Amino acid sequence: MTSRARRALPELPEVETVRRDLAEVIPGRTVTKVTVSGARSVRRQDRVEFERLVTGRRFGQVSRHGKFLVLSLDDGPEALVVHLRMSGQVRLHRSSDEVAKHTHVVFDLGGFGQMRFVDPRTFGELFVDTLDDDGRPSQLVHLGPDALDDRLTAAVLHRRVTAGRRSLGLKAALLDQRVLAGVGNLYADEALFAARLRPSRPAAAFSRDDAGLVRRELRRILRAAIAARGSSFADAAYVDTRGVTGGYATRHQVYGRAGQPCPACGTTILRIVVAARGTHLCPSCQT
DNA sequence: CGCATATCCTGACTGC
DNA sequence: TGCAGTCAGGATATGC
């Protein structure tokens, strides 16, 4: 029947949804207190140092690079950087709301309430970093251009995917955040289906026309997913800042649909492993 | 150097 | 119904 595991992890559209929610309420709010109870969530720097760096600061604009959230502090050269990884959530609460299990960091925002970081698998993380002249955190310089950045033209995508690669699969290249930032397992599968390209095709056999197609379909899909506030399955691994699920899962063409007919040709959708990831594809449509 | 693999972790699911 | 075992996955470290 359908593949066993169906979970939507936060990728670009989900992180962008969180960013937009935060951008409506966070700017201008001052952090009166920070409590880090989960040591693993703050691991790039000392917990006490982290609390010192954030306490008393006022949040400015909220931006995103790939799957990283960047919350500027005091409009200065520093920012709070957040990555949700597998199961992280940034939630907005009244201070009196019950504290959910796996809440690892709590930011008190004066009379406004709290911003809380909840993360069962503890893969997610937060850290304070300095920003360069372009507003890029210093520890994120290795990231490729954001998947929705206009500067990621077909020519640039083609060059970055094929550069130096021999046998690596196309999907693995798209998942490499150094190539482009923001694409994860779900949207890689959806974009490659729409572009009619096999995930296992060697990246070296990725033509300029292929790059144009992938770029177009990826942008279309990511934008539609953002409009639907992201993808969630029954397990609600992804929810927004108020705990609400996203609506894009009903539009998935192949992801989580193994054993069901391809929406384009009716062939049974397969689930295989590519780049050590559960991968969904139509063996007829995708070459 | 390119690429594969192990690692971190919890909860959902499988099978008895 | 309960419980032990398996599996999922983003980024990174390590090994070939």
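Computed from a prediction, not measured in an experiment: that's the story for all the values here. Note on naming: letters A, B, ... go to the chains in the order of the sequence lines (proteins, then strands), and numbering restarts at 1 for each one.
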* By salt bridge (Lys or Arg N to Asp or Glu O under 4.0 Å), which residues pair with A/Arg19, not counting sequence neighbours? -> A/Glu16
List, with names and distances, any nitrogen or oxygen atoms from the protein found under 3.5 Å away from nitrogen or oxygen atoms belonging to nucleotides 12-16 of chain C.
none

* Backbone N/O of A/Leu126 and side chain of A/Ser41: donor-acceptor pair under 3.5 Å -> no
* Asked: Does A/His83 put a side-chain nitrogen or oxygen below 4.0 Å from OP1 or OP2 of C/dA11?
  -> yes
* Could you state the atom-to-atom distance from CD of A/Gln89 to C1' of B/dG11 in whole Å? => 13 Å
* Asked: How long is the line joining OH of A/Tyr238 and P of C/dG10, in whole Å?
  -> 16 Å
* For A/Arg220 and A/Ala191, indicate whether the former's side chain and the latter's backbone hold a donor-acceptor pair under 3.5 Å. => no
* Nearest-angstrom distance from the residue atom NE2 of A/His280 to P of C/dG9 -> 7 Å
* Asked: Any side-chain N or O of A/His102 under 4.0 Å from OP1/OP2 of B/dC9?
  -> no
* To do: Please list, chain by chain and in numerical order, all residues satisfying side-chain contact (heavy atoms from CB on, under 4.5 Å) with A/Ala228, sequence neighbours excluded.
  => A/Tyr248
* Structure fact -> Within residues 163-178 of chain A, those residues having any heavy atom closer than 4.0 Å to DNA chain C are A/Gln177
* Pairs in or reaching into residues 127-161 of chain A: which pass ring pair (Phe, Tyr, Trp, His ring centres under 6.0 Å), with residues at least two apart or in two chains? -> none
* Of all residues at least two apart in sequence or in a different chain, which pass the ring pair (Phe, Tyr, Trp, His ring centres under 6.0 Å) check with A/His83? -> A/Phe68
* Specify the separation, in whole Å, of atom CE of A/Met86 and atom P of B/dA12. => 14 Å
* First locate atom CG of A/Asp74, then atom OG1 of A/Thr30, and finally report the distance between them rounded to the nearest 0.5 Å. => 7.5 Å
* Asked: Given atom CZ of A/Phe123 and atom C1' of B/dT10, what is their separation to the nearest angstrom?
  -> 8 Å
* Is the distance from OP1 or OP2 of B/dT10 to the nearest side-chain N or O of A/Lys101 less than 4.0 Å? -> no
* To do: State whether A/Arg271 places a side-chain N or O below 4.0 Å from either non-bridging phosphate oxygen (OP1 or OP2) of C/dA8.
  => yes
* Say whether, by atom type as modelled, one donor and one acceptor occur between the side chain of A/Glu14 and the main chain of A/Ser231 under 3.5 angstrom. => yes
